[in-house]
> 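One structure is given below, represented as structure tokens, and several questions about it will come after.
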Amino acid sequence: MSPQRPSNQPAVPLADPKRGYRVLKQEIDDAVRKVLDSGSYILGEEVSAFEREFATYIGVQRAIGVGSGTDALHLALRTSDIGPGDAVITASHTAVATVAAIELTGATPILVDIDPDTFTMDPSRLKLAIAAHSNVRAVIPVHLYGHPADMPAIMSVAGDRSLIVIEDCAQAHGASIGGRKTGSWGHMAAFSFYPTKNIGALGDGGALVTNDDALAERAELLRQYGWHTRYVSDIAGLNSRLDEIQAAILRIKLRNLDRENSKRQELASIYDAAFSSRNLCIPIVRPDVRHAYHQYTLQLPERDQCRDRLEVNGIQTAILYPKPVHLQPAYRDRLQSGPGLLRHSERICTEILSIPMHPYLTENEIVRVVNAVISATQ
């Protein structure tokens, strides 16, 4: 039985999209009402405007709004003609959506280990995997928890074999390396706008971004049945469209992203100062990197006991992710991996714990989290 927290203690939420909505309520309500009054609800002016604004923010030429982050990855692969017989390399320590998107194309995922400091793809393991598999066509590095993968190294390794690089930016809205934002490094990138993301819709949504006009135009066709002319499919596509209401909401959220990310970084600094003095293993941030802090993830040797203690004190936590993809029931013993063991991916799943991180935590909640973590790890 799970431990019970005292009934008089409100929980400190890991994320709180409802609180984020309340802060922007008037703007969001007005924007939604405008869409409702317009009578145009799919691929209209709001979607087009958001696509332009999001592309400008990321620093790319084009953005294509789609139904979800998984769809964005799937369409990026389809746009590149990746399918049966092809292999795509990604990390095993990721949301299963990354691997699901690869398999939706009929391609074969090949999983490699991570850098144990940043939890992102290890470029040296990527290089070995490319050498070991002649059918590799693409690489999907995942910017996990808001820390960018080592894109300069990954682009160099992939470039030696002319591989397509598709960034999984589902947790890295606004993160950057040397001032260059995630999403602008690869040939394409995929973003999720799930409600708890740094830019969250009030429903599902996603976007594919690129600097390549030909890829963007193909993605636009694929997201709506391959239509150039309505009801006439020039290529076999699917239905994955960002709707007008979500686009209107996302335009408001985008205008507030840098402010909210700055709050996340301030909160991370408070956590860093409190926990490093206790010799806790806090997130490592590489030089010249701007971390988006989608999650603030500690490594704790006695993670499960600590989590139980935090729950008793009303502190919500999450384990992202409890099993690497190659050990999950749906994928165990059937996915390929690159040379070498996935030992870092397997080890950290027993130690990682994400604690509350969102821009609307109150001062009292921050104090409660800090005190509870310190108490739970003594």
> Quick one: side-chain contact (heavy atoms from CB on, under 4.5 Å) partners of S262, sequence neighbours excluded?
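Scan of S262 (side-chain contact (heavy atoms from CB on, under 4.5 Å), adjacent residues dropped) gives Q265, R290.
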> Could you note down all residue pairs passing ring pair (Phe, Tyr, Trp, His ring centres under 6.0 Å) where residues 273-296 supplies at least one of them, sequence neighbours left out?
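As it turns out, the ring pair (Phe, Tyr, Trp, His ring centres under 6.0 Å) pairs with a partner in residues 273-296, which skip direct neighbours, are H147-H291, Y271-F275, Y271-Y296, H291-Y293.
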> In terms of ring plane angle, is the pair Y231 and W227 parallel, tilted or perpendicular, where the classes change at 30° and 60°?
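Because their plane-to-plane angle is over 60°, the rings of Y231 and W227 count as perpendicular.
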> I'd like to check the side-chain contact (heavy atoms from CB on, under 4.5 Å) partners of D234; sequence neighbours left out, ordered by chain and number.
H228
> Output, in order, the C-alpha distance, side-chain angles, deciding distance and verdict of salt bridge (Lys or Arg N to Asp or Glu O under 4.0 Å) for E103 and R334.
CA-CA 12 Å; E103 291 203 323; R334 74 174 184 81; 2.8 Å; yes
> Is there a path from I64 to V60 through hydrophobic residues (I, L, V, M, F, W, Y) whose side chains come within less than 4.5 Å of each other?
no
> For D115, is there an ion pair with R286 - N to carboxylate O distance below 4.0 angstrom?
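Counted as a salt bridge, because a side-chain N and a carboxylate O are separated by less than 4.0 Å.
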> Just by distance, no angles: are the side chains of N239 and R241 close enough, under 3.5 Å, to form a donor-acceptor pair?
yes
> Take atom NZ of K181 as the centre, draw a 6.0 Å sphere, and report whether it contains more than 12 heavy atoms from other residues, nucleotides or ligands.
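Yes.
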> Judged by modelled atom types alone, do T98 and D168 share a side-chain donor-acceptor pair under 3.5 Å?
yes
> Are L215 and V88 grouped together when hydrophobic residues (ILVMFWY) are joined by side-chain heavy atoms under 4.5 angstrom apart?
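Result: yes, single cluster for both.
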> Tell me, please, which residues at least two apart from E346 pass side chain to side chain donor-acceptor pair (under 3.5 Å).
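Scan of E346 (side chain to side chain donor-acceptor pair (under 3.5 Å), adjacent residues dropped) gives H326.
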> Atom OG1 in T377, atom CZ in R303: separation rounded to 0.5 Å?
14.5 Å
> Once side-chain contact (heavy atoms from CB on, under 4.5 Å) is applied, do any residues pair with N364, and if so which ones, sequence neighbours excluded?
T362, R368
> Does the side chain of S40 come under 3.5 Å of the side chain of S38 through a donor N or O and an acceptor N or O?
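Absent: no donor and acceptor within the cut-off.
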> State plainly whether the residues R218 and D81 are in salt-bridge range, i.e. N to O under 4.0 Å.
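D81 and R218: salt-bridged.
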> Check D37 with K34, please: is the shortest side-chain N to carboxylate O separation under 4.0 Å?
no
> Any salt bridge linking R347 with E351? Criterion: basic side-chain nitrogen under 4.0 Å from a carboxylate oxygen.
yes
> Linking I/L/V/M/F/W/Y whenever any side-chain heavy atoms sit under 4.5 Å apart, do Y41 and I249 land together?
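Looking at the clustering, I249 is in the same group as Y41.
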> Under 3.5 Å, is there a donor-acceptor pair between the T317 and R307 side chains?
yes
> Tell me, which pairs form a salt bridge (charged side-chain N to carboxylate O under 4.0 Å, His left out) where one or both residues lie in residues 246-272, sequence neighbours left out?
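Non-adjacent pairs meeting salt bridge (charged side-chain N to carboxylate O under 4.0 Å, His left out): E27-R255, E46-R251, E53-R251.
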> Salt bridge check, R343 against D113: does any charged N sit closer than 4.0 Å to a carboxylate O?
no
> With no hydrogens and no angle check, is any side-chain donor or acceptor of N198 less than 3.5 Å from a backbone partner on A292?
yes
